[in-house]
Amino acid sequence: MTIGRTGLLALSGLAGLAAMGSAATAQEGDLTVLPPVSTTYAAAKTAWGEPDLRGTWPIDYLNGTPMQRAPEQGNRIFMTDAEYKERADRISALASRYDNEESQDRLGQGHWVEMGVVNRRTSLLVAPVNGRLPEMTEEGKRRSALMRSSWRKDQTFDRPEDFDSWDRCITRGLPASMLPMMYNNGIRVFQSPGIVAIQLEMIHETRIIPTDGRAPLPAAIGNWMGESRGHWEHGNTLVVETTNFRPGPSATNIVTSGSPPENDTPISTSAKLMERFTMTGPDKVSYEMTWTDPVIFTQPWSVQLDWQRDQSYQFFEYACHEGNVQLRNYVSASRATRAGVTLDEVE
């Protein structure tokens, strides 16, 4: 867990976000246009001839950029100057919490939450064009209403199944795990001939992506993070298709700013994740992702991020396990509340 990190508004993301800012300036006449991803960069190659994506690609500098766009911003990909100033002021205030708590010798959210670098993007979502999650199907709404989580309002707790897979430190699932969050934003990429591995700091999960043309697993075999297959395009782009999802985790997660707040976005066995990792410079990757789940959503939705390699970034321990006593505390407190037990009686 990343506690007390310094320089949160400094070097890790400035290069990637400078490109975002300049793109917004170039598009002042039409803030609804996102420049296309260039595929002309000649990426360095591994010893076995594949584009070399290896390294550490933290996305902490994107924290604070909302997943969904405010409705009043319409179809604008980029902010106006007034909106940009408001975000800069807000992120600056949030980033100062750590120093404020240190000066007061107390522990609070400032020790937990990593704020990002200010940028002009209105949302991580780029499709639908309004930058918001599409409407759920009736079946999606039905399944959403059945989901259980510590993040759901007015929920009672009696058993482990009343907590979601993230509560229980099992998985944050996909596509949520590929989006910026309040802490543990590290991503590492490893490669060997025919294999790409993506290690995630949150929960320390590792996605194994064969690129050797092997057949997918049978549809009956489901995994929390799905089953991925990849291939290379243009000499600089890794294309990954992931299927075989096991329902359970939420497709969105509250620690990504602007996400639905109750971790209640269901995943069906029909879900598919398409990703493109395109090298656009020696230390830059454009990450594009499209989530399609026709059982849950009325249309697909897409996200685009800019990654910046940062080899100085350190992974921290994810100090969480399924035996965490907090689950028992939730159950005990929930039962006591329903039984009418007061705090004075407990003491």
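It should be emphasised that the depicted structure is a prediction, and the values quoted were computed from it without experimental measurement.
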*Do the ring planes of Tyr318 and His204 sit parallel (below 30°), tilted (30 to 60°) or perpendicular (above 60°)?*
perpendicular

*So Tyr287 and Trp307, would you call those rings parallel, tilted or perpendicular, with 30° and 60° as cut-offs?*
parallel

Spacing of [X] atom [atom1] and [Y] atom [atom2] [to the nearest 0.5 Å]:
X	Y	atom1	atom2	result
Thr56	Gln199	OG1	CD	8.5 Å
Lys272	Phe245	NZ	CZ	11.0 Å
Ser123	Gln304	OG	CD	11.0 Å
Glu275	Trp291	CD	CH2	10.0 Å
Met181	Glu201	CE	CD	8.5 Å
Asn130	Leu125	CG	CG	8.5 Å

*Report yes or no: is the cationic atom of Arg120 (NZ for Lys, CZ for Arg) closer than 6.0 Å to the six-membered ring centre of Tyr84, at no more than 45° off its axis?*
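Here Arg120 passes the 6.0 Å and 45° test against Tyr84.
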
Less than 4.5 Å apart, side chain to side chain, heavy atoms only: is that true for [X] and [Y]?
X	Y	value
Glu50	Lys45	no
Tyr61	Asp310	no
Val196	Arg207	no
Pro160	Arg168	yes
Asn63	Ser257	yes
Arg172	Thr256	yes
Trp151	Asp264	no
Thr206	Ile198	no

Within the side chain of [X], is there an N or O that forms a donor-acceptor pair under 3.5 Å with the backbone of [Y]?
X	Y	value
Gln155	Asp162	yes
Ser165	Thr171	yes
Asn223	Met225	no
Ser334	Val331	no
Gln191	Leu53	yes
Tyr41	Asn236	no
Ser177	Leu174	no
Arg69	Val129	yes
Glu205	Leu200	no
Ser250	Thr265	yes

Scan side-chain atoms only and decide if [X] and [Y] contain a donor-acceptor pair under the 3.5 Å cut-off.
X	Y	answer
Arg76	Thr122	no
Ser38	Thr40	yes
Ser149	Asp164	yes
Ser268	Asp293	yes

Are [X] and [Y] linked, directly or through other ILVMFWY residues, by side chains that come within less than 4.5 angstrom of each other?
X	Y	result
Val37	Met178	no
Leu31	Leu34	yes
Met274	Leu238	no
Val285	Val239	no
Ile254	Met147	no

Show the nearest heavy-atom pair for residues [X] and [Y], with the distance to one decimal.
X	Y	answer
Trp301	Ala251	CH2-O, 4.5 Å
Gly173	Pro249	CA-CB, 4.0 Å
Leu217	Asn244	O-ND2, 3.6 Å
Ile203	Trp166	CD1-CD1, 3.8 Å
Pro294	Thr137	O-CG2, 3.7 Å
Pro266	Met136	CD-CE, 3.8 Å

_Are Trp57 and Phe277 an aromatic pair, judged by ring center distance below 6.0 Å?_
no

*Can you check side-chain contact (heavy atoms from CB on, under 4.5 Å) on Thr156 and Arg148, steps first, answer last?*
CA-CA 9 Å; Thr156 57; Arg148 308 285 285 174; 3.8 Å; yes

*Determine, stepwise, if the pair Ile195 / Phe190 fulfils side-chain contact (heavy atoms from CB on, under 4.5 Å).*
CA-CA 8 Å; Ile195 291 285; Phe190 300 88; over 6 Å; no

*What do the steps show when you test Lys141 against Glu135 for salt bridge (Lys or Arg N to Asp or Glu O under 4.0 Å), and what is the final call?*
CA-CA 9 Å; Lys141 294 174 184 177; Glu135 185 77 10; 2.9 Å; yes

_How about NZ on Lys85, more than 12 heavy atoms from neighbouring residues, nucleotides or ligands closer than 6.0 Å, or not?_
no

*Counting only heavy atoms not in Tyr330, do more than 12 sit closer than 6.0 Å to its OH atom?*
no

*How far apart are the C-alpha atoms of Met289 and Leu305, what are their side-chain angles, what is the distance that settles it, and do they pass the side-chain contact (heavy atoms from CB on, under 4.5 Å) test?*
CA-CA 9 Å; Met289 172 263 282; Leu305 314 176; over 6 Å; no

*How far apart are the C-alpha atoms of Arg143 and Glu139, what are their side-chain angles, what is the distance that settles it, and do they pass the salt bridge (Lys or Arg N to Asp or Glu O under 4.0 Å) test?*
CA-CA 6 Å; Arg143 296 190 188 192; Glu139 176 61 14; 2.7 Å; yes

*Check step by step if salt bridge (Lys or Arg N to Asp or Glu O under 4.0 Å) holds for Asp306 and Arg121.*
CA-CA 11 Å; Asp306 288 330; Arg121 283 281 296 276; 5.6 Å; no

*Check the pair Arg229 / Glu227 against salt bridge (Lys or Arg N to Asp or Glu O under 4.0 Å), numbers first and verdict last.*
CA-CA 7 Å; Arg229 295 291 183 269; Glu227 179 70 15; 2.6 Å; yes

*Test side-chain contact (heavy atoms from CB on, under 4.5 Å) on Asn253 and Asn263 and set out the steps.*
CA-CA 5 Å; Asn253 187 275; Asn263 285 2; 3.7 Å; yes

*Pair Arg276 + Glu233, salt bridge at N-O below 4.0 Å*: yes

